[in-house]
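Remember, it's 1-based here, ligands and their atoms both numbered in the order they're listed.
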Amino acid sequence: MLLYNTQTRKKEKFIPITPGKVGIYACGPTVYNYFHIGNARAFIFFDVVRRYFEYQGYEVTYVQNITDIDDKIIAQANEENTSFHMVADKYTRAFLEDTAALGINKPTFQPKATEVMNDIIAFIAALEQKGFAYSVEGDVYFATEKLPSYGCLSGKKMEEQLAGARVVENPNKHHPADFTLWKKGKPGEPVWDSPWGKGRPGWHTECVVMSKKYLGDIFDIHCGGIDLIFPHHENELAQAMAFSDKPLSNYWMHNGFLNVDGEKMSKSLKNFFTARDILAHYNAEAIRFFFLSKHYRSPIDFSRELIEEAQRAVANLYSSLSEINYLDNVQNSPQTMCGTAVELQNLHKEYITAMDDDFNTAKAISILFELNRKVKNTSSAFADRLAAAQKLVELGSILGFFQNMEEQLSTFMPDLSKDLIELILSYRQESRRNKQWTVSDRIRDDLARLGIEIKDTPEGVKWNLKEKK
Ligand code: AMP
Ligand code: ZN
């Protein structure tokens, strides 16, 4: 299995630290608002990474934090005229609801920053003791100059970072690249007691502490969107190196942006749609399909047309399963070898090869459609169509499709209403021919109650839709 490692800028063979196990940390949301559909790209992709490792038989420990204390949460609390607790609780609940609605599995551990405050304080104290942190008037900073490897994740040299960043000169810092580990609280802000006085932790410290707490000093994969490479992940890595001389994680994976007119979808640019809003209009698996039909490192432009197209594609898969009455038949069908077994095995191998090649989900989806064609092929034996459907569901599930199958099958059921009306009218005609006037009148009246008006004309029966009676 090959993964593109941001740190080395190449695809590398995945070798787990402990055979058969994989530890993954994904940066979670800062809960100051509803998350947007760009964030959903990251959350959905990590969910697929986790599902694929599980499918491959790994025991996965998947940790995703919730950042529940941050400047933005405090600002939002002031705006909503409430406490930071209320804001964090409200949007944590919304995050859990919306990720569940997107079909994202719950992480193995989902720590909140405020729950690990003692660990955070102990960690900063350890950095201070090792000479990598210094405090000035209640703020604590990381001394980047003390760490020769600083910048090794993003590949930015110290001078570039300074030129690139709009650094407001802070006279308390020993070096402009130094970052905050602990921030002194201002009056009215939420604070925790610490050896440096009352204050709260910096974001980079929260994540490094939570990842280490649940996954150990070094783990397999650290994920996030590309905006997090610098400074967030660079600074997490710096703290880890300073703390234990270990590089935090062996692989760093970063997803590309969801853009709007070529610009990153983001809260600050106000060019976003919440996942909640998009979910109100489109099916969750269509949203998933929209993202996964492109490689995770490529940028994607937000497009309602493409989400609608994705919805038609997903409907097409479900319609094939309906056509062979999948749910009923699959229970009665042992997975037997049949005529197409070799072809299915080949498609299976192609699928695995695609996923093993740095999660080529676009190629994996094209293989789902090859299977779909086999399911739809009415000239094949039914057992072969059913076997193709089983393979389709098995491989599609790795990408998170075919969840709540029963509900989805009815959502995507083809519209049969016209055919059904014609069928009922044919029974009415038959009853008229047999002079069963009570039956034919009853059919007419019952249809009228549903808003279907019928007229007998010399050319036959005509119907149209009216108000329900
Ligand atoms: P945040 O709450 O801003 O820390 O973001 C949560 C996750 O979403 C992080 O992994 C971000 O890198 C990712 N993210 C933020 N904006 C986008 C975007 N427009 N497209 C893809 N991923 C994003
Ligand atoms: Zn993080």
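Of the protein's non-hydrogen atoms, the one nearest atom 2 (O) of ligand 1 is Thr30 N, 3.5 Å. Here the protein heavy atom with the shortest distance to atom 5 (O) of ligand 1 is Asn39 ND2, 3.2 Å. Looking only at protein heavy atoms, the nearest one to atom 10 (O) of ligand 1 is Gly225 N, 3.0 Å. From the protein, the heavy atom lying nearest to atom 12 (O) of ligand 1 is Asp227 OD1, 2.5 Å. Leu258 N, 2.7 Å is the protein heavy atom nearest to atom 20 (N) of ligand 1.
Other residues, nucleotides and ligands place more than 12 heavy atoms under 6.0 Å from the NZ atom of Lys267. By the neighbour-count criterion of 12 heavy atoms within 6.0 Å, atom NZ of Lys146 is sparsely surrounded, having that number or fewer from other residues, nucleotides or ligands.
Between Phe272 and His36, the ring planes lie tilted relative to each other; the angle falls in the 30° to 60° range. Aromatic ring orientation, Phe95 versus Phe35: perpendicular (interplanar angle above 60°, classes split at 30° and 60°). Using a 30° and 60° split on the angle between ring planes, Phe53 and Tyr58 fall in the perpendicular class, above 60°. The aromatic rings of Phe402 and Tyr318 lie perpendicular to each other, with more than 60° between the two planes, well past the 30° mark.
At a cut-off of 2.8 Å, His232 coordinates the Zn ion (ligand 2) through an N, O or S atom. Metal site remark for the Zn ion (ligand 2): Cys207 contributes an N, O or S atom at a distance under 2.8 Å.
Heavy-atom contacts of Asn255 reach the following atoms of ligand 1: 21 (C), 22 (N) (cutoff under 4.0 Å). Interface of Gly224 with ligand 1, defined as ligand atoms under 4.0 Å from a residue heavy atom, comprises 10 (O). Near Met265, meaning under 4.0 Å from one of its heavy atoms, ligand 1 places the atoms 16 (N), 18 (C), 19 (N). Close approach of ligand 1 to Leu228 is summarised as follows: ligand atoms under 4.0 Å from at least one heavy atom of the residue are 9 (C), 10 (O), 12 (O). Ligand-side atoms of ligand 1 in range of Ala42: 8 (O), 10 (O), 13 (C), range being under 4.0 angstrom from any heavy atom. Less than 4.0 angstrom separates some heavy atom of Lys264 from each of these atoms of ligand 1: 16 (N), 19 (N).
Nearest-heavy-atom check against atom 7 (C) of ligand 1 across Phe43, Phe291, Tyr296 picks out Phe43. Of all the listed residues (Cys27, Ala26, Gly28, Ala40), Gly28 holds the heavy atom that lies closest to atom 4 (O) of ligand 1.
Taking the centre and axis of the six-membered ring of Phe243, the NZ or CZ atom of Lys212 falls outside the cone set by 45° and 6.0 Å. Because its NZ or CZ atom is both nearer than 6.0 Å to the ring centre of Phe273 and within 45° of the ring axis, Arg304 counts as a cation-pi partner of that residue.
Annotation: the span from Lys173 atom NZ to Phe142 atom CZ amounts to 13.0 Å, rounded to 0.5 Å. To the nearest 0.5 Å, the span separating CG on Leu386 from CG on Leu392 amounts to 11.5 Å. Note: Thr361 OG1 to Leu292 CG = 4.5 Å, rounded to the nearest 0.5 Å. Separating the CZ atom in Phe290 from the CD1 atom in Ile300 is a distance of 5.5 Å, to the nearest 0.5 Å.
In Asn259, neither the side chain nor the backbone holds a heavy atom less than 4.0 Å from any atom of ligand 1. Only side-chain heavy atoms of His36 come within less than 4.0 Å of ligand 1; its backbone N, CA, C and O stay farther off.
Proximity of His254 to ligand 1 is not established, as no heavy-atom distance is less than 4.0 Å. No heavy atom of Cys223 sits closer than 4.0 Å to any atom of ligand 1. Ligand 1 has at least one atom lying under 4.0 Å from a heavy atom of Pro29.
Ion pairing between Asp89 and Arg93 fails under the 4.0 Å rule for side-chain N and carboxylate O.
Between Gly38 and ligand 1, an N or O atom pair is found at a separation short of 3.5 Å.
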